[in-house]
2 protein chains.
Amino acid sequence: MADEVWSRVRAPSRKTRAGEANAERILDAALEIFAAFGFRGSRIDQIAAAAGLSKPNLLYYFRTKEELYTAVLARTLDMWLDPLRELDASSDPRAALTAYITRKLEYSRSHPTASRLFAMEMLQGAPHLSSALTSTLLDLVEAKSRTIEGWIGEGRLRPVDPKHLIFAIWATTQHYADFDAQIRALAGPGLDDEDFYETALATILRILLEGVLPREGEPQRL
Amino acid sequence: MADEVWSRVRAPSRKTRAGEANAERILDAALEIFAAFGFRGSRIDQIAAAAGLSKPNLLYYFRTKEELYTAVLARTLDMWLDPLRELDASSDPRAALTAYITRKLEYSRSHPTASRLFAMEMLQGAPHLSSALTSTLLDLVEAKSRTIEGWIGEGRLRPVDPKHLIFAIWATTQHYADFDAQIRALAGPGLDDEDFYETALATILRILLEGVLPREGEPQRL
DNA sequence: GTCTATAAGCGGATAGAC
DNA sequence: GTCTATCCGCTTATAGAC
């Protein structure tokens, strides 16, 4: 998918190494700006300056602001989907959910601006993303919901609505990236602080896992 | 606090009923636009049109865009704080947390744009809000953290980090307002659908409460 | 209090030299 | 591929009539 967008969006410059590197630098800079100000609030010359080139030169690589925004979004969505793809039906629920939650929080730490770009797009009603949401992501969520329902049917998970469980996992983990400013104001450090990260992870795991795993010795059926 | 901002921000028009009503209509319209596009992305004439008056007329009530934004934010923050203020140390943890979570989700349903405005401001690093965050809200969160620690000390709550618990509650409840577009794409309805609201509330309560309340017959100490 | 007209400057995009 | 110069529409804010 990244390839598809790439070729569709930028005929020029793909060939040379320097062009490639420039395009990457532009996309990195654009991610920062778009994540903070949204599409309309972002200024193309601000992005150009952050990428270290002139505005017309940026527009040589991406012909319009919208083209650039779409490219950044596509690249981000792909990364965002990865952890969920790996949620594994074959392993036991505790291990699978622990791995998924850990991976999501790790993503909030390593790619906070990517998380914020996605949040920004959602706040605006996902105008540039609706097709992707209703196809790729929907399919993935439906598939993983069935995995969770399977665990519930086997009594290995307490009965919870699968989609709301997924939403709860997304919400709690992404919150640390999206509301970073609030978290730093209220707690001091953010996820980049190792101790804070560990405490956040432990607390989220404790709450969510205890909330959905069966009580000791009482496997449940619906 | 609303009063304080009010008088500081708009000398004109406070006196007459019509002026008051106009100012309210402007603030309502501004909330919608600012929540969707952020400060820089919002257009003042778009707000004026939504409020049903001309752009210069809007600028008669709020002299600058920033002044209007500040007024909307102040009004929103006040409402946003209310549920937390009511978290009651004297009642038992299950009842108090149930009431708080319910109130927060209810707020996401009744005031989704207010929630989104707040989220938008956070994504931008809370430039217009940092003083409020480090004073009013910080004090409140510290106080409520002590309430939660009290419950833990008495063995009425499992040991969890209080702030991370508060973050988890905020994250899960606000998610339904802030990520409404995603939720509708993936689940069909949103919180305005009564059944969906009930399921969301039940799931969140089940997960969070089971995650933090002591197991049957085994009250814990740290 | 509300409007029309307009000033002043910003932002996206293009032309064309190098 | 990259730059300077520039066009043109849009946006905030003000002036001034009613």
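Quick note: numbers below take in every heavy atom, side chains included, and nothing from hydrogens, waters or symmetry partners. Chain A is the first sequence line, chain B the second, and so forth, proteins listed ahead of strands; every chain is numbered from 1. Since we're looking at a predicted model, the values are computed, not measured.
- Ring planes of B:F167 and B:H164: perpendicular class, angle over 60° (limits at 30 and 60°).
- At distances below 3.5 Å, at least one donor-acceptor pair connects side-chain atoms of B:K65 with backbone N or O atoms of B:S42.
- In this model, the phosphate group of C:dT2 is not approached by any side-chain N or O of B:S54 to a distance below 4.0 Å at OP1 or OP2.
- Distances shown here put a side-chain N or O of A:Y61 below 4.0 Å from the OP1 or OP2 atom of D:dT2.
- The nearest whole Å value for the distance from the CZ atom in A:F62 to the P atom in C:dA13 is 14 Å.
- The two atoms that bring B:G52 and B:R25 nearest to each other are O-NH2, 4.0 Å, heavy atoms only.
- Atom CD1 in A:I26 sits roughly 11 Å away from atom C1' in D:dG1 (whole-Å rounding).
- Here the P atom of nucleotide D:dC10 and the NZ atom of A:K65 are 14 Å apart, to the nearest Å.
- OP1 or OP2 of C:dT2 has at least one side-chain nitrogen or oxygen of B:N22 nearer than 4.0 Å.
- The CG-C1' distance, from A:D45 to C:dG12, rounds to 9 Å in whole Å.
- The side-chain contact (heavy atoms from CB on, under 4.5 Å) check on B:E106 picks up B:R109, B:S110, B:Y197, with sequence neighbours excluded.
- At a non-hydrogen distance threshold of 4.0 Å, nothing from residues 35-44 of chain A comes into contact with DNA chain D.
- A:F39 pairs by the ring pair (Phe, Tyr, Trp, His ring centres under 6.0 Å) definition with A:Y69, A:H128, not counting sequence neighbours.
- Among all heavy-atom pairs drawn from B:K163 and B:S145, the shortest one is CG-OG, 3.6 Å.
- Residue B:L58 contributes atom CG, which lies 13 Å from atom P of D:dT14 at whole-angstrom precision.
- If you measure from atom CD of A:Q46 to atom P of C:dC10, you get 14 Å, rounded to the nearest angstrom.
- Listed here is the closest heavy atom pair of B:M122 and B:L129: CE-CD2, 3.8 Å.
- For B:N57 and C:dC3, the shortest distance from a side-chain N or O to OP1 or OP2 is below 4.0 Å.
- Set against C:dA15, D:dA13, C:dG12, the side chain of B:L59 has D:dA13 as its closest nucleotide.
- Here the side chain of A:L53 is nearest to one of C:dG1, D:dC3, D:dG1, namely D:dC3.
- One atom, OH of B:Y60, and another, C1' of C:dC3, lie 13 Å apart when rounded to the nearest Å.
- For A:K55 against C:dG12, a side-chain-to-base donor-acceptor contact under 3.5 Å is present.
- Distance, A:E20 CD to D:dG1 P: 11 Å, rounded to whole Å.
- Checked against D:dC3, C:dA13, C:dG1, the side chain of A:T64 finds its nearest nucleotide in C:dA13.
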